[in-house]
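Per chain, numbering begins at 1; letters A, B, ... match sequence-line order. Just so it is clear, the values below take in all heavy atoms, side chains as well, and ignore hydrogens, waters and symmetry mates.
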Number of protein chains: 2
Amino acid sequence: MRTSELLAPTLRETPAEAEIVSHQLLLRAGFIRKAAAGIYTYLPLGRRVLAKLERIIREEMDRAGGQEVVLPIIQPAELWQESGRWEVYGEEMFRLRDRHQRQFCLGPTHEEIITALVRSEVNSYKQLPLLLYQIQNKYRDERRPRFGLLRGREFIMKDLYSFDRDQEGLNQSYAKMYQAYSNVFRRCGLDFRPVQADTGAIGGNYSHEFMALASTGEALLVYCQKCDYAANVEIAAARALPKPVAETPQPLKEVATPGQKTVAEVSAFLGITPDRLIKTIFYEADGQLVAALVRGDRELNEVKLQNYLGCRHLVLADPEKVMAVCGAPVGYVGPVGLSGVPIYADLEIPYLVNAVAGANREGYHLTGVNPGRDFKADAFADLRQVEAGEPCPQCGAPLSQARGIEVGQVFQLGTKYSQPLGATYTDEQGQEHPIVMGCYGIGVSRTMAAVVEQHHDEHGIIWPLSVAPFEVVIIPASLKDSGQREAAEGLYQELLAAGVEVVLDDRDERAGMKFVEADLIGYPLRLTIGKKTLSQGTVDVKWRHEGQEAALPREGLVPRVKEMLAREMEKYR
Amino acid sequence: MRTSELLAPTLRETPAEAEIVSHQLLLRAGFIRKAAAGIYTYLPLGRRVLAKLERIIREEMDRAGGQEVVLPIIQPAELWQESGRWEVYGEEMFRLRDRHQRQFCLGPTHEEIITALVRSEVNSYKQLPLLLYQIQNKYRDERRPRFGLLRGREFIMKDLYSFDRDQEGLNQSYAKMYQAYSNVFRRCGLDFRPVQADTGAIGGNYSHEFMALASTGEALLVYCQKCDYAANVEIAAARALPKPVAETPQPLKEVATPGQKTVAEVSAFLGITPDRLIKTIFYEADGQLVAALVRGDRELNEVKLQNYLGCRHLVLADPEKVMAVCGAPVGYVGPVGLSGVPIYADLEIPYLVNAVAGANREGYHLTGVNPGRDFKADAFADLRQVEAGEPCPQCGAPLSQARGIEVGQVFQLGTKYSQPLGATYTDEQGQEHPIVMGCYGIGVSRTMAAVVEQHHDEHGIIWPLSVAPFEVVIIPASLKDSGQREAAEGLYQELLAAGVEVVLDDRDERAGMKFVEADLIGYPLRLTIGKKTLSQGTVDVKWRHEGQEAALPREGLVPRVKEMLAREMEKYR
């Protein structure tokens, strides 16, 4: 490809809308453009990266026994009503009607439609196990689409579904996919970690997320340096319990705390540490008001609360509803004297003695609050977020924390879909059983962004060779110099003929500008032809991921470049 | 691939819903399944054919200088309002709202979004010409989805858009694409013909359709055997005019024609030939009632009428509206005495003498109708459909007729989109000009069906090697015979290692059933291992497209098969 013909419009300025580096660089280097909020066009360089990612994914899925299919994007509502998820998805699902007023959605995921397919086409144990996958657009009408390709409304996913006779079969399919996913992300050059994960709207009983480690990641994870434990904090169990406090219970006392609402304000005002406070948070769980209690120094974990309650929708309660129940605004509410609302308390709450809580009266808190004596929780559960340094639930060593981008997730679904949709098989004895399923997703466009989050510097992107849009760029320092121009053209033709993915920067621009752009786009290997090197019969060769430039003889350069590329590619096998 | 693992569910019965052979065979052979009306899932075999088609298309687009991008499927309404097509598309466009009530459509085509992209990213003549393409789902909410992949609501298209400085540049891009399209369809093994075509909702001023010839095709085309003229009948000009009739005009006379409504009925009843009748058809053109006249033996061509009127929507008029204007029901209406409705007459009408038309009175017709004397048309135009045997508008030789499946269409758009959307470039002198555009579509999924329409027999599909899901199938006649089983396995492994796309039928089924299935699916080359051939050291080899089976020595078979495949593949270069 010649740069003069390539549509790769680079931007000098960082677009204001782009908050994180992958979004900034993919826009600036001309890989993507925004078409609408959370909806992107992939320009030629972006499409080339996608094609490489898709190829790696296909190879690994095929190797694991997957068969590729193409499922519809537009799906009839009936199937989603059968599985019960037409409601679960709420506003996140794009819905539409056809000219006959029949309802459809744009698939946020494809469990329903593939289960319906397998229900019709599979009936014997002889047809199992079966692994079907596709690479296809998915649609989720995110409340806040952002971070470019990381949280879009239209995005590209690979989704594979496994169909087995029993749990043992599922375990094998799951293990195959776990391995295939590790291969995919390794080959894409990602530093990643599989972690135990919540199953969310997909459901099922066992799941891992594959996290690309990145400080900008939306996910928080904990992991143990001693054993193999790693989990999304959403589900990481809090193992540590506080030591009992040897303190005499004091009587309840209402104290004025005017204008003091937050934990920080109240604890400073009263001269106590935040772990003496009880934080009371009201939620609406499928429309019903509930109160959740955690210690003042802890974060409530909404995923744990939702899983404990088993509700479909959990949202912070409307402040006016809280006011109606407590008689006080948020900031002054507490469990003492609260009635008509179930109270769910974290496991640390019963260990508190002489705690502080809102008095359910504006401008007042209570001191000397003693759980059990002053209020009764309806239930106790692990509701708080685990923090770094807490003991590993597996081995007890202190946990470390990191942020990650979820690039893949694997689920053991069991019979969650096959049961309601009636996908069964008949065994050797003629007995009918529900098929046991798993599902496995990779965010393809998100992986592209995750790679950039991990591979860049202040000058631009540093593509791993395995997913780079091109392998080599040739830059003649001055196109006006016919010797340089011809030398560049000759090298370009030779590399093309040798099957190298090469770009020739044939624009009549300043050399400095061309270097800056090549660094921004992130071509792995740069070959520069200048006046001096030309006269010496050499070419300057530089890896984007290394600082050093080397003058290599022009003679025999093409096989040498091929060899360098092959060696570098070894990193991603 | 082993048949025991492949999801290729064949059907013994022809599904009742499938009217044409490609639909029947693609369902029966397990390539596709219906998910909803006009919406299909591609099973593994179908996906493999699609992948081959897409690869051929990519190669030809890239060779012609195309750069691949990925455009959004879900597109904001604003862009379509800018171009004025939000209205034009009417009910055929799937529309939806996001959670913020913003309007979107599912792209039926992508002119708007790519013009908006180019408007932002291209501003200099240096960036032109530019050819951008994608392979992507498209959506059209057809009134009557049918014929399987031929007229779906969700379908796969390759669309390319060209951007040039001027008409001369567009001519060059158009010629390149015309050539690329010819290459694509030739390589897919299609018997096709490019024909002049109407531009429809895409617009522009010049267009060709690429028609795969098939008796089941929805399109009717005429072509000249003497010169290169070929056109969709929708736009084929009627060159022949009748000879003047030497007959004395008779007075108008009302005759009773009780229960005689159609041309056939009236002409038989009155004992005249149908070419003496005037057919009067009422339409609503963008809501306004108009009357169109053609001779009784002719078909009115709605595309010609719509193009002549320049209206957006043309539909047959509501019979009650016709009744209100004429005072008679459809079947007894005519131009004499008609007022308040513009009359458009075909060019043959003024040649009529003593014609017959509806009397605008139920149960009556008029004889002795003489155009000009008895009614005045508001305009005369070529409104009728051309028929086989009429003279070629280019050379005068008699035209032939054929039916075709439109697998591709190319359009010269000119500035139809760049003008309203403001996509301009600046020339060497700093002058701004609108970019001159073309667009070029290939129905990828439709091409798959067209190939089957052309390549099948009573036993099933006969895939051209270039687009076959696999190249070779190995059938051991009896899997119970360990000698046959091992020989088949050995040959399978050897072919796999040689890079051949091979399926091993490893199911313990009757040989006859396996042959029937292999013929239905249409694997190009069949290798059969039986008891007798095994003992003779040979393998039975048979091309699906030929009748003859040959026993070839097992020794050296793999290189020989490779050579046979390579030779066969030469047909599709």
Side-chain angles (χ1 to χ4, degrees), chain A residues 1 4-7 9 30 33 35-37 39-44 46-48 50-51 65 67-76 79 91-92 94-100 102 104 106 113-114 116-118 120-122 126-127 129-130 132 134 136-137 139 141-143 153-154 156 507, chain B residues 1 4-7 9 30 33 35-37 39-44 46-48 50-51 65 67-76 79 91-92 94-100 102 104 106 113-114 116-118 120-122 126-127 129-130 132 134 136-137 139 141-143 153-154 156 507:
Chain A
M1 194 80 192
S4 62
E5 293 170 358
L6 178 68
L7 181 67
R33 284 295 181 266
I39 300 171
Y40 288 86
T41 288
Y42 299 84
L43 299 179
R47 161 65 204 166
R48 292 183 72 97
L50 282 181
Q67 297 180 57
E68 189 169 357
V69 298
V70 186
L71 300 167
I73 285 176
I74 183 168
Q75 304 179 9
L79 281 177
E91 279 193 310
E92 247 191 38
F94 280 108
R95 292 158 211 254
L96 70 161
R97 287 172 187 273
D98 71 2
R99 66 198 300 157
H100 308 298
R102 221 180 133 190
F104 289 84
L106 302 185
I113 205 148
I114 198 135
L117 176 75
V118 165
S120 313
E121 307 303 338
V122 172
K126 289 187 195 167
Q127 296 171 279
L130 183 63
L132 299 175
Q134 63 166 351
Q136 177 79 282
N137 277 8
Y139 293 83
D141 196 358
E142 295 279 350
R143 184 183 299 274
R153 298 200 290 173
E154 174 177 77
I156 305 171
R507 294 169 303 170
Chain B
M1 193 81 192
S4 62
E5 294 170 359
L6 178 68
L7 182 68
R33 284 295 180 265
I39 299 172
Y40 288 85
T41 288
Y42 299 84
L43 298 180
R47 162 63 204 166
R48 291 183 73 97
L50 280 182
Q67 297 181 55
E68 189 170 356
V69 298
V70 186
L71 300 167
I73 285 177
I74 181 169
Q75 305 180 9
L79 280 177
E91 278 194 311
E92 244 190 42
F94 280 109
R95 293 158 209 255
L96 70 162
R97 289 173 186 273
D98 71 2
R99 67 198 299 156
H100 307 299
R102 222 182 132 188
F104 289 84
L106 302 185
I113 205 149
I114 198 134
L117 176 76
V118 165
S120 313
E121 307 304 339
V122 171
K126 289 187 193 169
Q127 296 171 278
L130 183 63
L132 299 175
Q134 63 167 351
Q136 176 81 279
N137 277 9
Y139 294 83
D141 196 357
E142 294 280 351
R143 184 184 299 272
R153 298 201 289 174
E154 175 178 77
I156 306 171
R507 294 169 303 169

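- When heavy atoms are compared at a cutoff of 4.5 Å, A:E154 approaches chain B solely by way of its side chain, counted from C-beta outward.
- Chain A forms the most heavy-atom pairs under 4.5 Å with one residue out of B:I73, B:L130, B:L50, and that residue is B:I73.
- Taking chain A as the reference chain and counting heavy-atom pairs below 4.5 Å, the highest number among B:R48, B:R507, B:R153 is found for B:R153.
- Using a 4.5 Å cut-off between heavy atoms, B:V122 contacts chain A through its side chain alone, with no backbone atom that close.
- Within the 4.5 angstrom heavy-atom criterion, atoms from both the backbone and the side chain of B:R99 approach chain A.
- Both the backbone and the side chain of A:P44 come within less than 4.5 Å of a heavy atom in chain B.
- B:Q136 touches chain A through its side chain: at least one heavy atom from C-beta onward sits under 4.5 Å away, while N, CA, C and O do not.
- For B:L7, the parts lying under 4.5 angstrom from a heavy atom of chain A are both the backbone and the side chain.
- Heavy atoms closer than 4.5 Å to chain A are found in the side chain of B:Y139, but not in its backbone.
- Proximity to chain A is limited to the side chain of B:N137, based on heavy atoms less than 4.5 angstrom apart.
- Contact of B:L132 with chain A is made through the side chain alone, with heavy-atom distances under 4.5 Å.
- Interatomic distance, OG1 of B:T41 versus CG of A:L117, reported as 5.5 Å (0.5 Å rounding).
- Using a 4.5 Å cut-off between heavy atoms, B:I114 makes no contact with chain A at all.
- Using a 4.5 Å cut-off between heavy atoms, B:I113 touches chain A through its side chain atoms alone.
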Problem set entry | Verdict with supporting geometry, A:Y40 and B:V70, side chain to side chain contact (heavy atoms under 4.5 Å, CB included) | CA-CA 9 Å; A:Y40 288 86; B:V70 186; over 6 Å; no
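- Of the residues considered (A:E5, A:K126, A:Q127), A:E5 shows the highest number of contacts with chain B, using heavy-atom pairs under 4.5 Å.
- Contacts between A:L6 and chain B at a heavy-atom distance below 4.5 Å involve backbone atoms as well as side-chain atoms.
- With respect to chain A, the highest number of heavy-atom pairs below 4.5 Å among B:H100, B:R33, B:R97, B:Q75 belongs to B:R33.
- The choice from B:L96, B:I74, B:L71 that makes the most heavy-atom pairs within less than 4.5 Å of chain A is B:I74.
- For the atom pair CD (B:Q134) and OH (A:Y42), the distance works out to 12.5 Å, reported to the nearest 0.5 Å.
- In terms of non-hydrogen atom pairs under 4.5 Å with chain B, the most contact-rich of A:D98, A:L43, A:I39, A:L106 is A:D98.
- Contacts of B:I156 with chain A are absent, with no heavy-atom separation under 4.5 Å from either backbone or side chain.
- Using a 4.5 Å cut-off between heavy atoms, B:P72 contacts chain A through both its backbone and its side chain.
- Looking at B:R95, only its backbone comes within 4.5 Å of chain A, counting heavy atoms on both sides.
- Applying the side-chain hydrogen bond (donor to acceptor under 3.5 Å, both in side chains) test to B:R102 and every residue at least two apart in sequence or in another chain returns B:E78.
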